[in-house]
Amino acid sequence: MTIAEAEIRAAEARERLNATASRIQAKLEPQALAAQAREASVTAAKCGLESAKSNPAAVAGGVAMLGLFLNRRRIARLFKRKR
């Protein structure tokens, strides 16, 4: 390999590295990251909504359990008064 060939290969490698760095910078821009997060959250919300539509009993049970958990002290006071 001659010096000229080595210089050409080095220049090509430098170009590839610069292109890779540019792609990474484009992906890490705040607007790109925000758009990606927004897309992921919309997808997750749609998936959750579809799951809730197909399993309404499970959703109702979960809401009931959450309500009982949040009101556990009030419920406990009701039982203490009856004794």
Side-chain angles (χ1 to χ4, degrees):
M1 176 184 298
T2 65
I3 294 177
E5 290 173 343
E7 288 176 350
I8 291 172
R9 287 182 62 188
E12 290 172 351
R14 214 174 2 264
E15 288 176 24
R16 287 193 309 268
L17 181 63
N18 287 336
T20 301
S22 296
R23 282 195 309 268
I24 290 172
Q25 283 179 340
K27 286 183 180 181
L28 293 178
E29 286 184 10
Q31 294 87 4
L33 291 174
Q36 194 176 24
R38 193 177 318 113
E39 183 180 319
S41 64
V42 167
T43 302
K46 285 180 181 178
C47 182
L49 185 60
E50 290 299 320
S51 179
K53 284 182 181 178
S54 64
N55 299 311
V59 173
V63 170
M65 292 299 294
L66 180 62
L68 289 172
F69 177 74
L70 293 175
N71 291 304
R72 67 188 181 275
R73 291 189 180 132
R74 290 181 186 166
I75 294 169
R77 273 187 264 145
L78 288 174
F79 285 110
K80 285 181 181 177
R81 287 181 187 166
K82 284 188 174 184
R83 289 182 183 179

Taking distance alone, no hydrogens or angles, what donor-acceptor pairs closer than 3.5 Å link side-chain atoms of residues 46-68 to residues at least two apart or in another chain?
residue, atom, partner, partner atom, Å
Ser54, OG, Glu50, O, 3.3
Ser54, OG, Ser51, O, 3.0
Asn55, ND2, Ser51, O, 3.4

(message) Nearest 0.5 Å, please: how far is CZ in Arg38 from CD in Gln31?
(response) 10.0 Å

(request) Check Ala32 against Ala26 and note the closest heavy-atom contact, atom names and distance. (result) CB-O, 3.6 Å

(request) Supply the members, apart from Leu28, of the Ile/Leu/Val/Met/Phe/Trp/Tyr cluster built from side-chain contacts under 4.5 Å; use none for a lone residue. (result) Ile24

Could you go through residues 14-22 and list every donor-acceptor pair under 3.5 Å that involves a side-chain atom there, pairing it with any protein atom two or more places apart or in another chain?
residue, atom, partner, partner atom, Å
Asn18, ND2, Arg14, O, 3.4
Thr20, OG1, Arg16, O, 2.9
Thr20, OG1, Arg23, NH2, 3.4
Ser22, OG, Asn18, O, 3.0

Name every donor-acceptor pair, under 3.5 Å, that has one atom in a side chain of residues 3-10 and the other anywhere in the protein, sequence neighbours excluded.
residue, atom, partner, partner atom, Å
Glu5, OE1, Thr2, N, 3.1

(message) Has Arg72 got a side-chain atom pairing as donor or acceptor with Phe69's backbone, closer than 3.5 angstrom?
(response) yes

